[in-house]
Number of protein chains: 2
Amino acid sequence: MYVTLLSEPTPVNFAAVKRLEDVTSTRPSRYAAGAHLFYEGDPADYVYEIQSGTVRLTRVLETGCRQVIAFGLPGDIVGFPDGGLHHTECDALTPVVVIAHRRTALEAGEGDPKTHQRLFHAALREISTMQDHLMMLARKSALEKVASFLIALSQRIGRCNGTVTVVDLPMSRTDIADFLGLAIETVSRTFSQLRQLGAIVLETPQTILVRDIGALVKASQAVGH
Amino acid sequence: MYVTLLSEPTPVNFAAVKRLEDVTSTRPSRYAAGAHLFYEGDPADYVYEIQSGTVRLTRVLETGCRQVIAFGLPGDIVGFPDGGLHHTECDALTPVVVIAHRRTALEAGEGDPKTHQRLFHAALREISTMQDHLMMLARKSALEKVASFLIALSQRIGRCNGTVTVVDLPMSRTDIADFLGLAIETVSRTFSQLRQLGAIVLETPQTILVRDIGALVKASQAVGH
DNA sequence: CGCGCTTTTGAGATAACTCAATACAGGTGG
DNA sequence: CCACCTGTATTGAGTTATCTCAAAAGCGCG
């Protein structure tokens with residue numbers, strides 16, 4: 001496992017050191033944008049509670065095809081292991097502050113029971129969240145996917161600014177496409193479509209103003225079969 | 001919660017009775033084909049370990065659009081709650097025998113630690129499985145989806161019969177379509193395509209012979225972007 | 001000012017969908 | 001026992017949403 005700690009200007013690899021330091025469950029770690037928290041196949045020594053910033057969880061198919069499994073936003077807990085190993089890759093899209101909880105805090109018994117309970121319920125919640133995502137990928141149109149995505153993002157990281165909600169996208173169009181199972185061009189076109197519908201304003205490509213949440217909700221609703 | 005116990009010829013609703021009986025973690029329960037183990041929104045008193053038969057986990061969008069989240073096959077554990085509630089609907093596709101584990105056995109501390117451990121790891125595995133499924137839905141073509149599905153099924157419930165593997169499909173084409181995010185006609189056409197490729201033989205619509213596993217694997221591999 | 005990167009827009013190709021008809025199978029009743 | 005009927009599955013034909021390839025636009029940076 002390669003862990004890159006934030007230390008400007010040059011990120012330094014401190015994986016071994018970190019393990020020796022015996023990081024507690026409560027001290028926050030910092031990662032620079034682009035730094036990896038873990039790779040697929042790494043032994044899962046920690047699960048990570050995002051305090052600030054955004055991380056990206058990806059899986060890479062043998063063929064090289066990327067799929068973004070999830071974005072980790074403040075409050076999220078990422079890196080649940082299977083068989084003691086990470087089965088996704090996780091890197092920081094922005095500078096992030098995380099709390100690394102030892103995996104043993106997730107298993108029963110050891111450590112603070114309150115923390116254990118919190119991590120455990122986060123794992124159950126993760127299952128539910130993934131089911132939502134499954135539904136979205138399988139059944140929604142491009143417009144519905146992008147609208148749903150923007151609604152979820154605005155609820156999580158939107159800053160309500162009088163009449164509009166400002167959402168600073170921490171991820172690229174490519175990331176959004178890989179998350180929603182769309183081509184990047186389709187994502188871009190759909191943003192334009194939502195703009196033409198008057199639902200959003202693209203202040204910059206990364207700064208979105210949600211102007212008409214009703215229109216966004218309407219666009220997000222699948223009409224079913 | 002409505003629980004229908006198998007009692008031929010008429011299935012009987014015994015939800016209240018069941019709760020009073022205080023079912024233990026180790027006694028198997030039986031359900032007839034079509035019976036519901038739980039509904040979306042039910043308080044999640046139990047998680048279910050499938051001993052034999054197949055169950056179907058579905059979610060219904062507000063609009064009435066169905067999505068099959070997963071099929072529960074022997075060895076699977078289904079019904080992980082979120083916030084104490086079931087967030088899917090679960091019914092039996094065939095007669096099933098399940099072990100109903102009290103939800104408290106999933107939470108730390110109470111009950112047999114060995115059982116707790118098993119249930120807990122099943123929850124973690126579930127996350128990983130869902131990520132695989134996510135990937136499939138987002139990135140694979142119809143042919144790749146159906147081929148992957150058949151491979152997985154044949155590994156789980158296939159009976160190797162000399163030169164071919166026999167797979168009895170417990171679910172309908174509609175179920176497969178709703179699981180893979182395809183139209184039923186596309187599923188059917190893809191089965192035909194795999195037949196024409198010599199990968200499978202459709203003895204009956206529900207009985208599939210895997211004739212050339214290599215061809216099936218080849219068909220299942222996404223070429224990536 | 002110009003280069004490189006991301007995003008947007010355009011135009012044509014295509015995989016999967018929809019609608020429609022046919023085939024098949026299992027169960028029921030004459 | 002066979003004809004019928006109902007539900008499921010298959011096949012066909014045309015439509016469409018999304019993808020792919022290609023070009024233009026916007027933006028940051030040296």
Side-chain angles (χ1 to χ4, degrees), chain A residues 9 33-34 56 65-68 93-94 136-147 149-150 167-197 200-208 219 222-225, chain B residues 9 33-34 56 65-68 93-94 136-150 167-197 200-208 219-220 222-225:
Chain A
R56 174 179 63 178
C65 165
R66 253 181 133 67
Q67 168 71 19
V68 173
L93 290 177
T94 66
M136 171 144 99
L137 285 177
R139 290 285 163 225
K140 292 193 180 184
S141 70
L143 182 66
E144 290 157 2
K145 285 178 182 178
V146 172
F149 177 70
L150 286 180
V167 183
D168 282 303
L169 298 182
M171 69 290 285
S172 69
R173 296 289 185 273
T174 302
D175 287 330
I176 298 173
D178 284 348
F179 181 65
L180 298 177
L182 296 171
I184 173 173
E185 297 94 331
T186 303
V187 172
S188 192
R189 270 185 256 272
T190 309
F191 272 97
S192 300
Q193 195 180 343
L194 285 170
R195 180 165 45 72
Q196 281 154 26
L197 288 172
I200 62 171
V201 174
L202 286 157
E203 202 165 78
T204 75
Q206 326 303 338
T207 309
I208 288 182
V223 285
H225 281 232
Chain B
R56 175 179 63 177
C65 165
R66 252 180 133 66
Q67 169 71 18
V68 173
L93 291 178
T94 66
M136 171 145 98
L137 285 177
R139 290 286 164 222
K140 292 192 178 185
S141 70
L143 182 66
E144 289 157 2
K145 285 178 182 178
V146 173
S148 304
F149 177 70
L150 286 181
V167 183
D168 283 303
L169 299 182
M171 69 290 286
S172 68
R173 294 290 185 273
T174 303
D175 287 330
I176 298 172
D178 285 347
F179 181 65
L180 298 177
L182 297 171
I184 174 174
E185 298 94 331
T186 304
V187 172
S188 192
R189 270 185 255 272
T190 309
F191 272 97
S192 299
Q193 196 180 343
L194 285 169
R195 181 165 44 72
Q196 281 153 26
L197 288 171
I200 61 171
V201 174
L202 284 157
E203 202 165 77
T204 75
Q206 327 300 341
T207 310
I208 289 182
S220 74
V223 287
H225 280 229

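Just so it is clear, the structure is predicted and the values come from calculations on it, not from any experiment. Because only heavy atoms are used, hydrogens play no part in the values below, and waters and symmetry mates are left out as well, while side chains stay in. Letters go in sequence order (proteins before strands), and every chain restarts at 1.
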On DNA chain C, check which nucleotide each of A:Glu185 and B:Ile184 is closest to and give me the residue with the more 5' one. A:Glu185
Any non-hydrogen side-chain atom of B:Arg139 less than 4.5 Å from a side-chain atom of A:Asp178? yes
Using the side-chain heavy atoms of A:Ala183, tell me which of these nucleotides is nearest: D:dC19, D:dA9, C:dT9. D:dC19
Show the nearest heavy-atom pair for residues A:Thr186 and A:Ala142, with the distance to one decimal. CG2-CB, 3.7 Å
Contacts of A:Ser188 that satisfy side-chain contact (heavy atoms from CB on, under 4.5 Å) - sequence neighbours left out: none
Hey, does A:Leu194 have a side-chain heavy atom less than 4.5 Å from the side chain of A:Leu143? yes
For B:Phe191, give me all partners under ring-ring contact (aromatic ring centres under 6.0 Å, His included), at least two apart in sequence or on another chain. none
Would one find a side-chain N or O of A:Thr186 under 4.0 angstrom from OP1 or OP2 of D:dC19? yes
Expected list for residues 187-194 of chain B near DNA chain C, using heavy atoms below 4.0 Å, is B:Arg189
Is there a side-chain contact between B:Val146 and B:Leu182 in this structure, where contact means two heavy atoms from C-beta onward sitting under 4.5 Å apart? yes
With a 4.0 Å cut-off on heavy atoms, is A:Thr204 in touch with a base, just the backbone sugar-phosphate, or nothing at all? nothing
Think B:Gln206 has a side-chain N or O under 4.0 angstrom from the OP1 or OP2 of D:dA9? yes
